[in-house]
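Comments concern the structure below.
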Amino acid sequence: MTRHFSPASILRGCVLATVIAQPALCVAQESFRVELGRDGETLGDMRPVFLKFESRPLPAISPMEVARRYQKLFESSDEPEVRIDALNRLNNIRDRSGKDVGFSEQREAAFYKEALESYESILAKGSFSGRLDELLYQMAKAHALTGQPDQSIARLKQLIGLYPGSDLVPEARFRVAEAAFSAGRYQEAESGYRRLLTDERHPVLAAKARYMLGWSQFKQGDGAWLRAAATFMDVLDRELPGTRQSGTPPASALEMLEDTLRVLAVMASRQGNADSLADWLANRSGSAWPHLLYDRLADLHAAEKRFERAVSVNDAFVARYPDHPARPDFLAQSVTYWQLAGASGKARAAREHYVQQLSAEAEYQSLSPEQKARWHKYSRFLADHYYAAGSELSSQRELVAAREAWAAAATYYERLAPRSRETGALLHLAADAQLLSGHRSGALVNFQASAYQHRHEKSGDSAWAAVRILRDDLDLVAGDDRHRQLERVSDQEQRYTNAFGPDARLSQLRADLANRWYEEGESDKALLYAARTLDWEDAGVSERYAAWLVTARVRQQAQDHALAEQAWRQALELAEQLGPASGSQKEHIREQIATSVYHQGDDAVEAGQVRIAVAHYQRVEHVLPGSEIAINARYDAANALLKAADWLAAINELNRFRDDYPKHELTPATSEKLVLAYRESGQGGKAAAELLRRAEQEAVPWPTRLRAAAIYHDEGDTESRNQLYRGWLAAASPPEAPGEHLQQQKVRQRLIESGGADDTLRHQLLARERASQWHSEETLLWAAEAALYFGARASRRFMDIPLIAPLERSLTRKQAAMREAQDYLEEAESFAGKLVRSEVLFRRAELYRVLARDLMASDVPEGLNELEAMQYKMLLEEEAFPLEEQAMALHSQNHERIPNAGFDEWIQRSMTALATLHPGRYQREFRWMSWATKSNPGET
């Protein structure tokens, strides 16, 4: 495995090339790889899983011819730097292209063996046009490939000591630590890995170092296992979904994670078992993996046939995490362990524990389908077991124990019934078991439910069993049997009427039955017996009064409010005949009449009959003047007018209500309704004024003021809107939610669009979008527009900078302006993507085109003879040509976007520029470039 670097320029004598060339990107292709082995026979032989370093793909190229030339260059050149650079490029082409370019790994090792002399020569000379840290790294690799691991580590340590700030140092430290680990120097390895944990630039390397740190600590023996446990748990926290990340971990990490769980389980099993896990997890919260760790420890004990210890681990998890979704699985796992141990009694107790723990409705509903099926299976097993046990005990004359067993069976059947498709059959079994255990009232309820509510093939048996209990307990009817007893009384009343006809006693009975059926919730039967009472002409005032009360209540409950009003008025007339004793009742009846009228208004609103609804609402005040319901009715009258879009009438009614009841609790709500009415009636200014008036009374006025600003915006009153916007932005705190961020950005954008804002608002909008964790398509587009604005301005400044002598100074200024413009343009594209890509491509291309043009137009330094001036111009052309090519490539990208992105102004501009840069497409005279500059390391 190799690491490749971009080559240094061989044009060491050209100052201009050095000034123009951009720093080469140093990208690791794929580093050394280390085989860390597999497990041995003892704890000391346990090894970490194999670690791999991923490589990045290179752009697709045709490398065969280029590789041949570089091999020839390496073999023919006597210059150390050229040989090393050619070797780097050969490896880069082979490894990153993934193709056979005639440069095998065996040939690479031979080349590196020859290259060692070049490396030593460069170091001895003390000068190198490239980076010495890269040179040391490549020497380390050369030693490794040629079988000199000690020299390789020595070079890595030299790199670390001489260049501590190099980007290569973290990987060098990792390799040094790996060497210490492989050599059994675990304390040294621990120290080396620990230094990589806080490196935010190399998160993947830090993750691997953290994992290997745990192994280094584990290898030091049980005295270091506490540290190892903390480290391995930190690995799990960072790699498994939980508080720090979401989603599924990558497949490449699964083996490492499983290995981490396994070694933690091994350490816990050799120390305090579940107590060790509890100690290790004591100060950890929010982790998503503790159940996996307990499960691995329990499985480890089970595999060793230590089932009691395995069950103790399950119990420890359930006790420590009573609300964890995996709790049911741990409870069920204990059943499995006892079954494997052949302990049927303990397995049954474990089933009971499972069912009891998960019987509560909330617990049961939280179970998965598989867990629910297990709960059903265990419940039915236990119910059948105790029923059979009761029968066996009864045959042995152990009646007390038999009744206890049947009671337990009934409990399990009854608990299982509502959660099963066989509800009726299970309730029948529950009732049978309850009857055998002596709980007759419970048996009656379950037989009735089994017979009439949950029909099944034995419902007839259930019904007959219920009849027998009722017949046996006829003199003890109460409680749950009240409804059935009332049915009997009703049947007897009908039988009596059929046999003897009506009389005074029947009038009282029917009135009483009407009330009792109403109390039982049987509205139809209550109405039936009330009508039978009123149909008899000789019924007394009290009986008719009671019948009308029942009728009114039933009608009102059925929301037949017009008939309810009539019944209440009949009851009020009869209450007057009853004398002073009915005073409080009369007041109650008036309230019910007002309620019925009020609801008729509601019904009219629902039917779209607004005028009728308003009339009903106004009638309420005549029934109960000044009452709360009358005030509510007036308020609802205004609401009805709003619903009917009668805006002017609604405005008048709302203002009148606010004037009449300034301190009523409903009065504040009139403001919002007035805003609606004003807006819908075309009086936006009054709506905004109402909001501003309300805001003056509010502790936090700005939300309401912003609503007023929105109305001004809709009305086109930009000046009033902007005044409110500026005040809000001055007072607003940084956003704490996505909606707040969008709102602030929208206000800034509107101020910018209105033309009354300077660049400060654009800077604020751009800075807020950069720093925000919340983005939307709108805010990203606004930020992109701001970035384009600043990018265009930087581009103009770039174009205005002339390239004059001394060239190095003016070129530096021009490059700085170019970088600023590119940064803004790239930021704009990062925000808005394809929406601004055409403009970004055009402006970026123009930056390269103008730089190439100005470079070619720059003056030749004074003091050069004709030959030197010619060479200088050639150098300028060689440096300008790639820039012009880059400009053409970017313009061409814009041109190629037409089929997918369509045609726009910026694509047109790019086509115009191409017509100038490339008048004869595919007819440009090509140049053979013998080497690539630092700014274009991929070209050859």
Side-chain angles (χ1 to χ4, degrees), residues 43 46 48-49 197 207 210-215 217-218 222 224-251 253-304 306-337 350 353-354 357-358 362-363 366-368 370-371 374:
L43 287 178
M46 289 182 68
V49 298
L197 298 185
R210 183 173 291 102
Y211 170 70
M212 292 304 300
L213 172 63
W215 274 101
Q217 294 163 338
F218 172 79
D222 57 2
W225 282 5
L226 185 60
R227 300 200 314 275
T231 302
F232 281 127
M233 288 184 176
D234 196 22
V235 170
L236 294 175
D237 272 341
R238 292 171 181 272
E239 299 296 331
L240 280 174
T243 57
R244 302 190 183 183
Q245 69 179 82
S246 60
T248 303
L254 292 180
E255 187 177 357
M256 180 184 73
L257 294 172
E258 183 62 36
D259 194 62
T260 300
L261 290 168
R262 179 173 60 88
V263 71
L264 283 168
V266 169
M267 288 191 293
S269 71
R270 301 303 185 265
Q271 292 188 334
N273 203 36
D275 291 339
S276 292
L277 297 188
D279 291 341
W280 296 344
L281 294 166
N283 296 322
R284 245 172 233 278
S285 61
S287 298
W289 46 262
H291 64 291
L292 300 177
L293 184 51
Y294 276 86
D295 179 66
R296 296 306 186 278
L297 179 56
D299 284 347
L300 180 62
H301 289 315
E304 297 171 348
R306 296 187 292 180
F307 298 109
E308 188 168 355
R309 294 198 71 184
V311 170
S312 71
V313 173
N314 291 338
D315 293 342
F317 176 84
V318 170
R320 182 176 176 84
Y321 301 98
D323 299 323
H324 198 281
R327 180 169 66 108
D329 297 325
F330 277 88
L331 292 170
Q333 191 167 244
S334 293
V335 176
T336 302
Y337 288 158
H353 189 52
Y354 182 95
Q357 288 287 311
L358 305 174
E363 292 279 358
S366 67
L367 299 179
S368 67
E370 181 181 358
Q371 292 167 343
R374 187 184 296 123

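- The distance from the OG atom of S287 to the CG atom of L240 is 9.5 Å, given to the nearest 0.5 Å.
- Considering all non-hydrogen atoms of both residues, A224 and Q217 come closest at CB-O, 3.3 Å.
- Considering all non-hydrogen atoms of both residues, A302 and Y337 come closest at CB-CE2, 3.5 Å.
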Check the pair E363, R327 against side-chain contact (heavy atoms from CB on, under 4.5 Å), reporting the backbone distance first and the verdict last.
-> CA-CA 11 Å; E363 292 279 358; R327 180 169 66 108; 2.5 Å; yes
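- Between E258 and R262 there is no salt bridge, since no side-chain N of the basic residue sits under 4.0 Å from a carboxylate O of the acidic one.
- Counting only heavy atoms from C-beta outward, the side chains of Y294 and N314 never approach each other to under 4.5 Å.
- Nearest heavy atom pair, residue L367 against residue P328, reads CD2-CG, 3.4 Å.
- Rounding to the nearest 0.5 Å gives a distance of 13.5 Å between CZ of R238 and CG of L257.
- The structure places CG of D329 at 11.0 Å from OG of S334, a figure rounded to the nearest 0.5 Å.
- Among all heavy-atom pairs drawn from Y354 and Q371, the shortest one is OH-O, 3.1 Å.
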Can you check salt bridge (charged side-chain N to carboxylate O under 4.0 Å, His left out) on D234 and R210, steps first, answer last?
-> CA-CA 8 Å; D234 196 22; R210 183 173 291 102; 3.1 Å; yes
Stepwise, does the side-chain contact (heavy atoms from CB on, under 4.5 Å) test hold for V311 with Q333?
-> CA-CA 8 Å; V311 170; Q333 191 167 244; over 6 Å; no
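- W225 and F218 have parallel rings, their planes meeting at less than 30° on a 0 to 90° scale where 60° marks the start of perpendicular.
- Here the closest non-hydrogen pair linking D222 and Q271 is O-NE2, 3.8 Å.
- Considering CG of L358 and CG of L331, their distance stands at 6.0 Å, rounded to 0.5 Å.
- With sequence neighbours excluded, no residue forms a ring-ring contact (aromatic ring centres under 6.0 Å, His included) with H301.
- For Y211 and D259, the side-chain atoms include at least one donor-acceptor pair closer than 3.5 Å.
- Interatomic distance, N273 CG to L300 CG, rounded to the nearest 0.5 Å: 9.0 Å.
- Closest approach of G214 and F232 over heavy atoms only: C-CZ, 3.3 Å.
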Step-by-step side-chain contact (heavy atoms from CB on, under 4.5 Å) determination, S269 to L297 = CA-CA 7 Å; S269 71; L297 179 56; 3.7 Å; yes
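- Side-chain contact between L264 and M233 is present, with at least one heavy-atom pair separated by less than 4.5 Å.
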Apply the test side-chain contact (heavy atoms from CB on, under 4.5 Å) to residues T260 and W289: give CA-CA distance (whole Å), side-chain angles for both, the deciding distance (0.1 Å), then the verdict.
-> CA-CA 11 Å; T260 300; W289 46 262; over 6 Å; no
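- Heavy atoms from other residues, nucleotides or ligands lying under 6.0 Å from CD of E304 number more than 12.
- For F330, the ring-ring contact (aromatic ring centres under 6.0 Å, His included) test picks out F317, with sequence neighbours left out.
- The line from CG of L293 to CG of L277 is 4.5 Å long, rounded to the nearest 0.5 Å.
- A donor-acceptor pair under 3.5 Å is formed between the side chain of R284 and the backbone N or O of A230.
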